[in-house]
Amino acid sequence: MTTIAQFRDPQLATDGSVVGFYEREFYAFSNFSSFQVDWAGRHWPTSEHAYQAARFFETAPELVERIARARSAHEAFTVARSNTKYQRDNWPDIKAEVMLEICRHKLQQNPYVRRKLLQTENEYLVEDS
């Protein structure tokens, strides 16, 4: 029998002191979850689409469009990862700030995600993947 625990990060605490969110109750926090977001002047199918496209805003608009049209967050991720040589030079310096901004927009625009966040109260949030 397969259990969820078999797929958890073994370093992540399981005593309830941390809220892990990857393919479980708090999956809504994942950039791969199907919550749309309006950010940077356009509508994105997921926050992953927006994040991956941001790598190329200044350098490769055709990749931005390709990522925006990707049929899934995984496809958006794959397109971006296979074209890193075209990403903006300062991406390593700004990517965390970009992610934070996109996540804030996602929370503001999606009441369900906001409710899930409020359920976590003051617990640490960790992507358990």
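Sequence positions, counted from 1, serve as the residue numbers for this chain.
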Point to revise | Set of residues satisfying side chain to side chain donor-acceptor pair (under 3.5 Å) with respect to Q108, sequence neighbours excluded | key: none
Practice item. With side chain to side chain contact (heavy atoms under 4.5 Å, CB included) as the test, would you mind laying out the steps for L125 and F26 before giving the verdict? Key: CA-CA 10 Å; L125 302 178; F26 294 97; over 6 Å; no
Exercise for review: Group every Ile, Leu, Val, Met, Phe, Trp and Tyr by side-chain heavy-atom contacts under 4.5 Å, then state whether L118 and Y124 land in the same group.
Suggested key: no
Exercise for review: Check whether more than 12 heavy atoms from other residues, nucleotides or ligands sit under 6.0 Å from atom CG of D89, and answer yes or no.
Suggested key: no
Review point. Hey, does the side chain of S72 reach the backbone of E75 with a donor-acceptor pair shorter than 3.5 angstrom?
Key: yes
Check your understanding: With F77, which residues qualify under ring-ring contact (aromatic ring centres under 6.0 Å, His included), at least two apart?
Key -> none
Practice item. For residues S34 and T46, report the shortest heavy-atom separation together with the two atoms involved. Key: CA-CG2, 4.3 Å
Review point. Which heavy atom in P45 sits nearest to a heavy atom in A68, and how many Å separate them?
Key: CG-O, 3.8 Å
**Study point:** Other ILVMFWY residues reachable from F56 by side-chain steps of under 4.5 Å
**Key:** V37, W39, W44, Y51, F57, L63, V64, I67, V79, Y86, W91, I94, V98, M99, I102
Exercise for review: Quick one: which residue pairs count as a salt bridge (charged side-chain N to carboxylate O under 4.0 Å, His left out) with a foot in residues 100-121, not counting sequence neighbours?
Suggested key: E25-K116
Study note, to complete from the structure: Taking every heavy atom of S33 against every heavy atom of S30, the minimum-distance pair comes out as OG-O, 2.7 Å
Review point. What salt bridge (charged side-chain N to carboxylate O under 4.0 Å, His left out) pairs are there with at least one residue in residues 37-62, not counting sequence neighbours?
Key: R42-E65, E58-R88
Review point. Rounded to the nearest 0.5 Å, how far apart are CD of Q36 and NE2 of H49?
Key: 10.0 Å
Practice item. Give the C-alpha distance, both sets of side-chain angles, the deciding distance and a yes or no for side chain to side chain contact (heavy atoms under 4.5 Å, CB included) between R66 and N83. Key: CA-CA 11 Å; R66 190 168 156 205; N83 289 285; 4.1 Å; yes
Review point. In the single-linkage hydrophobic clustering (I, L, V, M, F, W, Y; side-chain heavy atoms under 4.5 Å), do L100 and L107 co-cluster?
Key: no
**Study point:** Non-neighbouring partners of T78 that pass side-chain contact (heavy atoms from CB on, under 4.5 Å), sequence neighbours left out
**Key:** H74
